[in-house]
Amino acid sequence: MKKALDFEITKRLDGTLARTGVIKTPHGDIKTPAFIVGGTKATVKTLTVEQVLALGGQSVLANTYHLMLRPGADVIAAAGGIHKFMNWQGPTFTDSGGFQIFSLGMAYGKGIDATSHSTKGDVDLAKHSSTQLAKVTDEGASFKSHLDGSSLSMTPESSMELQHQIGADVHMSFDELTAPLAGRDYIKQAMDRTHLWAERSLARHKQLNDEHIAKGENLQALYGIVQGAREQDLRIESAKFLGGRDFDGYGIGGVFEPEEISETVRWVNEVLPENKPRHLLGMGAQPADLFMGVQYGIDTFDCVAPTRQARNGALFTYDGRINITNNKYQQDFTPIDSECDCYTCQNYTRAYVNHLFRADEVLGLTLASIHNERFVVRTVDLIRDSIGDGSFFDYKKRFLERYYGVEGARVFLNGDK
RNA sequence: GCGAAUGUAGCUCAUCUGGUUAGAGCGCCGGGUUGUGGUUCCGGAGGUAGCGGGUUCGAUUCCCGUCAUUCGCC
């Protein structure tokens, strides 16, 4: 029987979990490691698909929650699927919506968000959920739309149905995110529920794929999502549980402190089956995330931070991040980064981008987004090359010491040869 | 020339009949953002209240003078 997705490992880096490979989908291949471009609402904000292709984007990731609210999965299905709808002919992913129910529902307006770097107290969000906008039970989640407050619900089955309507190449199983403030008991409970939901997601997914086969349509792939937060034994348990199921690949979910990424990812990837792709959900706001993820076995990333930060004027350079709105760039007629090969750096100056931001001109958002997205896509591409030719550790050291400074980079270089 | 109104932060304006360190919005300066927050979020700087007198325990506030701006009338 035809498979929804193939993954071929082309090279391994000795002594690490890093590898290069190719994910093959009905809409084309993804050379890995790869940075997947954020296309939450079936658009990469401020960019045309031509611009995304030009900056080296191989694949985009959209979001089930956002698309079910607007325009509705049925509209996308009627359009012939997300590829036709948004005019992106390459590989696509959709996230299940679980994260949004957490971040926009349960934690909405409560000062708790996915990045709360708060002390690790014991907050059981389920106990608070009756007064909040989302409620999670074993059956699924009920929540209120952040757009108009209407009552909605999502189950593993309905998430799969929506994702199949949207029609991306790779889906994520419906999961429950554990909050940064969650205590171990709740982490365990949410993980168990995520496993239950993963099995139900997989069962419904297979039924829907059978329908595609009957209609002669492309098969769609499903990743199981590993949870377990910061608990090593739970992460390992989750990787074992899901690794033993017939998923096409795996997503690693949760919320991480930057310094926790490498060890959490390592726990999981030492256990997951080696021959399936692994996606690190939502991480990649800064270069160290990319190097650490790949070194410990991640094949694909997605992260909205590069484009979100771009829209607010925070731009990457190889010497660290700058805020292009700063006064000092008003008459700086050099590129954002003289070593960057993006369209923006090839054609425009810091002074011009600074002007666009100050004048509130929308082109600034586009030029900044092209630059930041190109910066991370290229960084991961060069990581892939460095695994290919064995220079990964040299590249990593050189890149991170320049970006963070020798002192700042040290924490990321510990233990490297 | 005469009459009237108005002068408070870079800008537009608050400070109720005189009462602690004169506020806001915008702008300006800096920072944040990790399964998306384009209208974002968080900090910060900045005013001898046009100027000079007077009354008062105390004046941005009341009085006088002066300068400036605006409007109206000769």
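Being a predicted model, the structure only gives us computed values, none of them experimental. Protein chains get the first letters and strands the later ones, always in sequence-line order, with residue 1 at the start of each.
- Heavy atoms of Gly251(A) sit nowhere under 4.0 angstrom from any nucleic acid atom.
- Here the C1' atom of nucleotide U40(B) and the NE2 atom of His146(A) are 14 Å apart, to the nearest Å.
- For the P atoms, the distance from G46(B) to A24(B) is 14 Å, rounded to whole Å.
- Here C41(B) presents its P atom at 17 Å from CD of Gln309(A), a figure rounded to the nearest Å.
- In G31(B) the O4'-C1'-N dihedral to the base is more than 90° from 0, which defines an anti nucleotide.
- Taking atom NZ of residue Lys328(A) and atom C1' of nucleotide C28(B), one finds them 17 Å apart after rounding to whole Å.
- To the nearest 0.5 angstrom, Asp169(A) atom CG is 11.0 Å from Asp248(A) atom CG.
- Residue contacts for Ser369(A): at a heavy-atom cut-off of 4.0 Å it reaches no nucleic acid atom on any strand shown.
- Taking atom P in both U8(B) and G35(B), the straight-line distance is 48 Å, to the nearest Å.
- Aromatic ring centroids of Tyr65(A) and Phe143(A) lie under 6.0 Å apart.
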Cut-off 3.5 Å, no hydrogens considered: what does the side-chain donor-acceptor table look like for residues 282-289 of chain A, sequence neighbours left out?
{"residue": "Gln286(A)", "atom": "OE1", "partner": "Tyr404(A)", "partner atom": "OH", "Å": "2.5"}
{"residue": "Asp289(A)", "atom": "OD2", "partner": "Ala285(A)", "partner atom": "N", "Å": "3.2"}
{"residue": "Asp289(A)", "atom": "OD2", "partner": "Gln286(A)", "partner atom": "N", "Å": "3.3"}

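- With G38(B), C28(B), G31(B) as the candidates, the nucleotide lying closest to the side chain of Asn323(A) is G31(B).
- In this structure, Phe375(A) has its ring center closer than 6.0 angstrom to the ring center of Tyr318(A).
- For the OP1/OP2 pair of G37(B) and a distance below 4.0 Å, the side-chain nitrogens and oxygens of His66(A) include at least one atom meeting the criterion.
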Under 3.5 Å between N/O atoms: give me all the protein pairs with nucleotides 42-46 of chain B, atom names plus distance.
none

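- In terms of phosphate contacts, Arg321(A) brings a side-chain nitrogen or oxygen within less than 4.0 Å of OP1 or OP2 of G32(B).
- In terms of polar N and O atoms assigned as donor or acceptor, the side chain of Gln227(A) comes within less than 3.5 Å of the base of G35(B) in a complementary pairing.
- Among pairs with a residue in residues 19-53 of chain A, those fulfilling ring-ring contact (aromatic ring centres under 6.0 Å, His included) read His27(A)-His83(A), at least two apart in sequence or across chains.
- Nucleotides A5(B) and G23(B) have their C1' atoms positioned 25 Å apart, rounded to a whole Å.
- U55(B) and C64(B): their C1' atoms are spaced 11 Å apart (whole Å).
- Formation of a donor-acceptor pair under 3.5 Å by the Asn269(A) side chain with backbone atoms of Gly297(A) is found in this model.
- Of the options Phe7(A), Phe93(A), Phe301(A), a ring-ring contact (aromatic ring centres under 6.0 Å, His included) to His279(A) is made by Phe93(A) and by none of the others.
- A donor-acceptor pair is defined here as one N or O able to donate and one able to accept, closer than 3.5 Å; no such pair exists between the side chain of Asn87(A) and the backbone of Val49(A).
- Applying the 3.5 Å distance criterion, the base of G37(B) shares no donor-acceptor pair with the side chain of Asn312(A).
- When the P atom of G35(B) is taken as reference, atom NZ of Lys41(A) falls 14 Å away, rounded to whole Å.
- With distances taken from any side-chain atom of Arg308(A) to the nucleotides G37(B), C28(B), G38(B), the minimum falls on G37(B).
- Here the separation of U69(B) from U33(B), taken at their C1' atoms, is 47 Å to the nearest Å.
- If you take atom C1' in A59(B) and the same atom in G52(B), they sit 15 Å apart, rounded to whole Å.
- Nucleotides U21(B) and G32(B), compared at atom P, are 37 Å apart to the nearest Å.
- Atom-to-atom, NE2 of His355(A) to P of C28(B) comes out at 13 Å; the value is rounded to the nearest Å.
- For the pair Asn326(A) and G31(B), the criterion of a side-chain N or O lying under 4.0 Å from OP1 or OP2 is met.
- Heavy-atom neighbours of Gln331(A) CD from other residues, nucleotides or ligands within 6.0 Å: at or below the threshold of 12.
- In the set U33(B), G35(B), C29(B), the nucleotide with an atom closest to the side chain of Ser96(A) is G35(B).
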Pairing string, 5' to 3', for RNA chain B - Watson-Crick or wobble contacts under 3.5 Å, brackets [ ] where pairs cross, | to another strand: (((((((..((((.....[...)))).(((((.......))))).....(((((..]....)))))))))))).

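- Taking atom P in both G50(B) and C16(B), one finds a spacing of 16 Å when rounded to whole Å.
- Counting any heavy atom pair closer than 4.0 Å across all strands shown, Asp175(A) reaches a base atom.
- RNA chain B lies under 4.0 Å from at least one heavy atom of each of the following residues of residues 275-304 of chain A: Leu281(A), Gly282(A), Met283(A), Gly284(A), Ala285(A), Gln286(A), Asp289(A), Asp302(A), Cys303(A), Val304(A).
- Checked against a 6.0 Å centroid threshold, the rings of Phe399(A) and Phe291(A) count as neighbours.
- A sub-4.0 Å separation between OP1 or OP2 of C29(B) and a side-chain N or O of Asn327(A) is present.
- In this structure, Leu365(A) places its CG atom 16 Å from P of G37(B), rounding to the nearest Å.
- Checked against ring-ring contact (aromatic ring centres under 6.0 Å, His included), His212(A) has the following partners two or more places apart in sequence or in another chain: His164(A).
- Take the nearest nucleotide of RNA chain B for Arg311(A) and for Thr325(A): the residue whose nucleotide is more 5' is Thr325(A).
- Side-chain atoms of Arg374(A) come within 3.5 Å of backbone N or O of Leu55(A) as a donor-acceptor pair.
- A salt bridge is absent between Asp332(A) and Lys328(A); no separation between the charged side-chain nitrogens and carboxylate oxygens falls under 4.0 Å.
- If you take CZ on Arg266(A) and CD1 on Ile261(A), they are separated by 14.0 Å, rounding to the nearest 0.5 Å.
- Rounding to whole angstrom units, CZ of residue Phe357(A) and C1' of G30(B) are separated by 16 Å.
- The CZ-P distance, from Phe174(A) to G35(B), rounds to 17 Å in whole Å.
- Closest to the side chain of Asp95(A), from the set G31(B), U33(B), G35(B), is G35(B).
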